[in-house]
There are 2 protein chains.
Amino acid sequence: MDKLEKTLESRTVRPTAMRLLVLKFLLQKKVAVSLTNIEEYFDNSERTTLYRTLKTFEENGIVHQIDDGTGTIKYAVCEENCNCELEQDLHLHFYCNNCDETVCLTEYKIPHINLPEGYLAENVNLVIKGLCEKCSGH
Amino acid sequence: MDKLEKTLESRTVRPTAMRLLVLKFLLQKKVAVSLTNIEEYFDNSERTTLYRTLKTFEENGIVHQIDDGTGTIKYAVCEENCNCELEQDLHLHFYCNNCDETVCLTEYKIPHINLPEGYLAENVNLVIKGLCEKCSGH
DNA sequence: TTTATAGATGCAATGGAAGTGCATTTAGTG
DNA sequence: CACTAAATGCACTTCCATTGCATCTATAAA
Ligand SMILES: [Mn+2]
Ligand SMILES: [Mn+2]
Ligand SMILES: [Zn+2]
Ligand SMILES: [Zn+2]
């Protein structure tokens, strides 16, 4: 059986043709992708199907959403045995102002943040914007 | 002369009636507000005018935008002598999942984040979501 | 005071993206 | 094959940001 299929089935997601293609596409990309990116990549694709595909992936821990502040949600495949947990899996995301690409810096976990008395953290989003390695010129 | 007028003029923003009202409203609110919030507060207001008012305020360092991940931009008045600078003025923002309010935690500066070689930070957005002091129950 | 001009405002319209309702098709199960 | 749940396709809606252009207003020059 195909490796892609295994990935989906291990997450109890039925491996349809489109889902396999989307997963393959996500895996080969080194940067986070938007719904529109995917729609543009596949010629005869239905936006709604892709939308629900990503939603299903996300609900089953295959991908995580990235809100990089551009107004468009991006998606990236989760690491092996990721649970998208605070102070565990949550990592830094970097958006390049020049090439307009967003990447997961999975090695860079979000540091623990002290909060005022009474505040309870459930989720954290940390996005750094600037120039990526390709665009900074050094 | 009025204190509000002084604030605007010191930032070279002409103190029109609407601008003064908006600034007053922003100052009295302890939480970040959206364009729609302001629109709803003032009965006969024009959305576009408010939009451009906020834009003008932001361009002249009177307010800063807050992207709390809700999909709606919020605004809050900058601190005295704030320049919205990295590692200087940029602070943490907290969004309460229960009461749907976003607050500036101006005392909580964004910690320095190490980046991989070649990456250059120009801006940082750090939003914590959870329960605020009013909603956490302790 | 009148006039010129830049700036501010009002109104209409656009555009991007997320999200939903419902009919139809497809794929597993007995 | 027949049944049923899941997946897909299409149309439509909603929300928010943003722009173009006409009009109004305030300030400063004549
Ligand atoms: Mn990521
Ligand atoms: Mn703030
Ligand atoms: Zn780049
Ligand atoms: Zn709250």
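Just so we're clear, the structure is a prediction, and the values are computed from it rather than from any experiment. A, B, ... follow the sequence lines: proteins, then strands. Residue 1 opens every chain. Side-chain atoms are counted along with the backbone in the values below, which use heavy atoms only and exclude waters and symmetry mates.
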Review point. Is any side-chain nitrogen or oxygen of A:T16 closer than 4.0 Å to OP1 or OP2 of D:dA7?
Key: no
Review point. Can you tell me how far P of C:dG16 sits from CG of A:D100, to the nearest Å?
Key: 15 Å
Review point. Step by step, would you call A:K74 with A:L35 a side-chain contact (heavy atoms from CB on, under 4.5 Å)?
Key: CA-CA 7 Å; A:K74 308 273 172 65; A:L35 173 56; over 6 Å; no
Practice item. Quick one: which residue pairs count as a ring pair (Phe, Tyr, Trp, His ring centres under 6.0 Å) with a foot in residues 3-23 of chain B, not counting sequence neighbours? Key: none
**Study point:** Rounded distance (Å) that lies between atom C1' of D:dC16 and atom NZ of B:K74
**Key:** 13 Å
Review point. Looking just at side-chain N and O atoms, do A:N123 and B:Y95 make a donor-acceptor pair shorter than 3.5 Å?
Key: no
**Study point:** Set of side chain to side chain contact (heavy atoms under 4.5 Å, CB included) partners for B:N98, sequence neighbours left out
**Key:** B:C96, B:L131, B:C135
Check your understanding: Among all residues two or more places apart in sequence or in another chain, which pass the side chain to side chain contact (heavy atoms under 4.5 Å, CB included) test with A:E46?
Key -> A:T48, A:T49
**Study point:** Contact residues, residues 25-50 of chain A to DNA chain D [heavy atom, < 4.0 Å]
**Key:** A:E46, A:T48, A:T49
Check your understanding: If you check the A:R19 side chain, which of C:dA8, D:dT8, D:dA17 turns out closest?
Key -> D:dT8
**Study point:** A:Y75-A:F57 aromatic ring centre distance below 6.0 Å
**Key:** no
Study note, to complete from the structure: B:I73 atom CD1 is separated from C:dG16 atom C1', nearest whole Å, by 13 Å
Study note, to complete from the structure: Numerically ordered, the residues 52-61 of chain B set in heavy-atom contact under 4.0 Å with DNA chain D is B:R52, B:K55
Check your understanding: If every non-hydrogen atom of B:L8 is compared with every non-hydrogen atom of B:I62, which pair is closest and at what distance?
Key -> CD2-CD1, 3.7 Å
Check your understanding: B:H64 vs B:H91 aromatic rings, parallel, tilted or perpendicular, using cut-offs 30° and 60°?
Key -> perpendicular
Point to revise | Test ring-ring contact (aromatic ring centres under 6.0 Å, His included) applied to B:F94 - qualifying residues, sequence neighbours left out | key: A:Y119
Check your understanding: Has A:Y51 got a side-chain N or O lying under 4.0 Å from the OP1 or OP2 atom of C:dA18?
Key -> no
Exercise for review: Round to the nearest Å and state the distance from A:I66 atom CD1 to C:dA17 atom C1'.
Suggested key: 17 Å
Point to revise | Nearest-Å distance for atom pair CZ/P, residues A:R14 and C:dT25 | key: 18 Å
Check your understanding: Which whole-number value in Å describes the distance from B:L21 CG to C:dA8 P?
Key -> 16 Å
